[in-house]
Amino acid sequence: MNPTLLISTTPSAWPDSVTVNWRRLSHGLWRVPEGDVHAAYSAESFPRVAVFAHEGRLFTNCGVHFCGAVHAEADCYPLIPGGEYRGPEQRQYTYEGREAAYRGEVFRLGPKVLFKASDPTVEEWRRLLRVHYADGGMFAARCTYLEFLGQRFAPNSENEESARQKELAECGLRELPRSQAEMRRLLETGGDPANAATRPKQTDLAL
């Protein structure tokens, strides 16, 4: 990444919040790779920071807040070259104005910009529902996928609810996995129940 990427230092140029694709805030679970915004979390290494780029600007992430498995927000701060910083001096309870080191250079942090995860599409949610069931541990244990959808999953958005309804309808049209192990096999075959049904299973041989 080019460390010379710069940003406007005019206070009015900074938005209070930015919505980005939800994958950028992914924490690396639920079979989704870690996103660049989440990977730039630097509160524990501060003043050494990791960064991510957004619209040609460098930011660091100093706090992530999750609401459920996917929805997330991150407290991010732009990196501004020390000689161009025109903001307030360092003060308590905020990273704004503090010095941060990146690739051997010292920057000042600009005002906080809240990065918000977008809502996954309905089709993305359908896969996430299956992954949540397959990999959900005790949260999804001892129930079928149909029971998981009906009793243990509470949608927080219209897309989540639409995905749940489509999955419930799918359960009515054809037999979907009845256990977490079967769902894992289904995911490994690309989501095709026909392939999952014909996939060889381990056989215990008694000698």
Side-chain angles (χ1 to χ4, degrees), residues 1-82 84-103 105-125 127-129 131-132 135-136 139 153-160 163:
M1 184 178 295
N2 185 351
T4 62
L5 284 171
L6 303 180
I7 51 181
S8 170
T9 57
T10 304
S12 60
W14 303 109
D16 292 329
S17 65
V18 175
T19 299
V20 296
N21 187 278
W22 65 275
R23 293 176 180 272
R24 298 190 67 183
L25 279 87
S26 167
H27 43 34
L29 298 177
W30 309 118
R31 307 193 186 201
V32 179
E34 183 180 25
D36 63 329
V37 176
H38 188 274
Y41 176 72
S42 301
E44 295 179 359
S45 62
F46 200 86
R48 291 182 295 103
V49 298
V51 303
F52 66 92
H54 181 71
E55 296 184 349
R57 305 169 178 179
L58 289 182
F59 291 82
T60 190
N61 172 4
C62 294
V64 183
H65 318 281
F66 280 92
C67 178
V70 174
H71 294 293
E73 298 179 348
D75 298 330
C76 300
Y77 298 81
L79 274 63
I80 302 174
E84 300 181 19
Y85 181 76
R86 301 292 183 270
E89 293 303 310
Q90 177 179 334
R91 59 191 190 280
Q92 284 187 314
Y93 311 120
T94 179
Y95 285 89
E96 183 178 4
R98 298 181 67 175
E99 291 186 341
Y102 173 65
R103 289 190 174 180
E105 295 187 41
V106 177
F107 297 84
R108 298 286 291 276
L109 297 187
K112 182 177 77 172
V113 178
L114 190 66
F115 276 70
K116 298 181 178 182
S118 67
D119 192 29
T121 66
V122 173
E123 290 307 308
E124 287 173 330
W125 266 118
R127 175 171 173 78
L128 285 168
L129 288 176
V131 172
H132 289 172
D135 300 345
F139 174 68
F153 178 75
N156 292 313
S157 74
E158 290 185 8
N159 284 354
E160 283 181 87

Where [X] and [Y] come nearest, the two heavy atoms and their spacing:
X	Y	value
Y95	L109	O-CB, 3.5 Å
F107	P81	CD2-N, 3.7 Å
P33	S26	O-OG, 3.1 Å
V70	P120	CG1-CG, 3.8 Å
R31	V131	CG-CG1, 3.9 Å

Short N-O contact, E96 and R91, less than 4.0 angstrom: yes
Exam field: side chain T19 to backbone S118, donor-acceptor pair closer than 3.5 Å: no
Whether T60 side chain and A50 backbone form a donor-acceptor pair below 3.5 Å: yes
Within the 4.5 Å heavy-atom criterion, are [X] and [Y] side-chain neighbours or not?
X	Y	value
W14	R57	yes
T94	K112	no
P155	W125	no

CA sep, side-chain torsions, deciding dist, call: D16, V113, side chain to side chain contact (heavy atoms under 4.5 Å, CB included): CA-CA 5 Å; D16 292 329; V113 178; over 6 Å; no
Nearest 0.5 Å, please: how far is [atom2] in [Y] from [atom1] in [X]?
X	Y	atom1	atom2	answer
C76	H54	SG	NE2	10.0 Å
T121	R127	OG1	CZ	12.5 Å
L129	E160	CG	CD	7.5 Å
H71	N156	NE2	CG	6.0 Å
Y41	H27	OH	NE2	14.0 Å
R24	N61	CZ	CG	11.0 Å

Derivation of the side chain to side chain contact (heavy atoms under 4.5 Å, CB included) call for V20 and F52: CA-CA 13 Å; V20 296; F52 66 92; over 6 Å; no
Plane angle bin for H132 and W30 - parallel if under 30°, tilted between 30 and 60°, otherwise perpendicular: perpendicular
Mutual orientation of the aromatic rings belonging to F59 and F115 [parallel < 30°, tilted 30-60°, perpendicular > 60°]: perpendicular
Matching residue for R108 among Q90, E99, E89 - test: side-chain hydrogen bond (donor to acceptor under 3.5 Å, both in side chains): E89
Test of ring centre spacing under 6.0 Å for Y77 and F46: no
Derivation of the side chain to side chain contact (heavy atoms under 4.5 Å, CB included) call for D75 and H65: CA-CA 8 Å; D75 298 330; H65 318 281; 2.9 Å; yes
